[in-house]
Amino acid sequence: MSLREQVITEFQHRFGEAPTIVARAPGRVNLIGEHTDYNDGFVMPMAINRAVWIALRPRLDPYVVVYSCDMDEVAEFSVLEMVKGRHSQWAEYIKGVAWSMQEAGLTLKGWDGVIAGDVPIGAGLSSSAAVEMAAARAFGHTSGIAWQPVEAAKMGQKTENEWIGVNSGIMDQTISAGGVEDNALLIDCRWLTLTPVPLPPETAVVIMDTMTRRELIGSEYNVRREQCETAAKFFNVPALRDVNPAQIEAVKDLLEDVVYRRAKHVVTENARTLEAADVMRAGDAVQLGLLMNASHASLRDDFEVTNNALNVIVEIAQAQPACYGARMTGGGFGGCAVALVKLSEAEAFASAVTAEYEKRQSRTPAIYVSTATDGASISPEVSA
Ligand code: GLA
């Protein structure tokens, strides 16, 4: 049974009738442009074929009643009583979206819903952004609000920053809201312009979960953000987006070494991401792969957000003949890497990486071959 069918069937069982609508929002993988979003820079994520689904029907009152299939738990709240922290984390994301939509001046109505997802939690594939964007579509439907992906993404980021307390950038929600089938999205994180860029022909995107997790990611992430802000202040510009690689090299000796290396990563990564858009438009998988490899080296050596498992899995991937390039993806310190691979050899690549990683790390990775999908959508329930 597909997840769509699962939420519809469960809804019928719990609420005694069919849902009126089904909302879906995908997770994401970032091909290149890492730790650039909060520097007003460029990112190139794509929406993946794993998503969060909500089957729902509107209510006439302000109550939201949701059953989570994954947690086997019901959460209930009124959009008129916004109190943080009373619910499990998954429900706090839904409540936080209700809060940020109302902060934006929108009037919300409640709904009954059933939620389920197959974006692995905590793996760096943005399961939380997927919950937020699915919830935004659900509230949008019941409250008669036109869907505007960038506006929804901003509300999702506000939820993450101010309701959940994670200081993340705008990438994850933007791609979950605005993804385009068969394309990655070049996102300009300052102006929030979204440009679809096709994946090179005859390639597959392979996500490799190291199955390692970093619990302190929040604090390390914030330290990186502060170091980037220090560098931007040095140049007297609003963000590192406004600095180019030559400018960084020119002042190398004046900057604290760690700040120099953080800034160098960000400005070279912005340049690589723009170059990636050009080579993708030219259908050049080889050049895109080389840019991905360079991105990994920069994240490993200068930005220092990899861990041993990520370095090992990327090294294994890069050594496979079918692989154009590979790098860590997402926040880092654990979680997933991504590889660009010859389409016809994707399955063999996945088996080879699994075997070699098991040998070297005594751990089994989770490997997902993903197409690029559309962003958050709603579709009327026709039949399960
Ligand atoms: C996390 C954050 C994003 C982005 C990446 C790093 O996924 O949620 O906003 O900063 O890390 O590129």
Side-chain angles (χ1 to χ4, degrees), residues 25-48 89 93 96 119-133 150 152-179 184-190 192 194 207 209-210 213-229 239-241 262-263 265-270 272-273 276 291-292 295-296 298-300 302-307 310 327-338:
R28 66 99 185 91
V29 65
N30 189 19
L31 299 182
I32 195 159
E34 214 66 82
H35 287 276
T36 46
D37 63 348
Y38 54 82
N39 290 294
D40 279 4
F42 301 93
V43 294
M44 183 76 80
M46 65 176 222
I48 59 173
Q89 191 74 356
Y93 286 114
V119 187
I121 295 169
L125 299 176
S126 296
S127 58
S128 62
V131 174
E132 289 157 8
M133 293 303 93
V150 170
K154 284 187 200 160
M155 291 181 234
Q157 187 194 14
K158 192 178 166 81
T159 302
E160 201 76 52
N161 295 170
E162 294 177 38
W163 192 268
I164 304 295
V166 176
N167 206 12
S168 53
I170 191 78
M171 166 168 71
D172 307 342
Q173 290 79 10
T174 308
I175 185 63
S176 181
L185 273 195
L186 175 65
I187 303 170
D188 178 331
C189 298
R190 170 169 284 167
L192 294 181
L194 281 49
I207 299 162
D209 187 348
T210 60
R213 306 284 182 257
R214 170 86 178 202
E215 281 172 13
L216 286 176
I217 180 160
S219 59
E220 286 291 345
Y221 187 89
N222 291 342
V223 170
R224 296 302 180 284
R225 285 190 74 138
E226 281 160 23
Q227 291 163 334
C228 292
E229 280 160 23
L240 281 176
R241 149 73 172 265
R262 304 300 190 245
H265 164 72
V266 173
V267 301
T268 58
E269 185 78 352
N270 274 332
R272 278 188 289 273
T273 306
L291 290 165
M292 291 169 76
S295 168
H296 184 79
S298 180
L299 288 156
R300 181 191 59 210
D302 288 333
F303 215 66
E304 295 178 292
V305 288
T306 64
N307 67 356
L310 282 166
R327 56 184 287 280
M328 60 148 272
T329 186
F333 304 105
C336 292
V338 61

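Whatever order the structure lists them in is the order used to number ligands and atoms, beginning at 1. Note that this is a predicted model, so its numbers are computed, not measured.
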Decide yes or no on side chain to side chain contact (heavy atoms under 4.5 Å, CB included) for N307 and F333, but give the supporting numbers first.
CA-CA 5 Å; N307 67 356; F333 304 105; 5.5 Å; no
Between R28 and S126, does any side-chain donor sit less than 3.5 Å from a side-chain acceptor?
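Present: a donor and an acceptor within the cut-off.
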Could you list which atoms of ligand 1 come closer than 4.0 Å to a heavy atom of [X]?
X    : result
M171 : 4 (C), 5 (C), 12 (O)
Y38  : 10 (O)
G169 : 9 (O)

Please enumerate all residues that pass side-chain contact (heavy atoms from CB on, under 4.5 Å) together with D37, with sequence neighbours excluded.
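In terms of side-chain contact (heavy atoms from CB on, under 4.5 Å), with neighbours along the sequence ignored, D37 is linked to V43, M171, C189, Y221.
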Should one rank R225, Q173, E34 by closest heavy-atom distance to atom 6 (C) of ligand 1, which comes out on top?
E34
Report the member of T174, D37, T329, L299 with the shortest heavy-atom distance to atom 4 (C) of ligand 1.
D37
Would Y93 and S127 satisfy side chain to side chain contact (heavy atoms under 4.5 Å, CB included), going step by step from the backbone distance to the final call?
CA-CA 11 Å; Y93 286 114; S127 58; over 6 Å; no
Checking a contact table here: which protein heavy atom is nearest atom 7 (O) of ligand 1, and how many Å away?
R28 NH2, 3.0 Å
For atom 8 (O) of ligand 1, find the nearest protein heavy atom and state the residue, atom name and distance (0.1 Å precision).
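Minimum-distance protein heavy atom for atom 8 (O) of ligand 1 reads D172 OD2, 2.6 Å.
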Quick check against the 3.5 Å criterion: does R272 have a side-chain atom that pairs as donor or acceptor with the backbone of G33?
no
Are the side chain of E160 and the backbone of V166 linked by a donor-acceptor contact shorter than 3.5 Å?
no
Would you check whether M328 reaches within less than 4.0 Å of ligand 1, judged by its heavy atoms?
no
Distance-minimising heavy-atom pair for P45 and N30:
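Where P45 meets N30 most closely, the heavy atoms are N-OD1, 3.2 Å.
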Kindly confirm or rule out an N or O of T36 lying under 3.5 angstrom from an N or O of ligand 1.
no
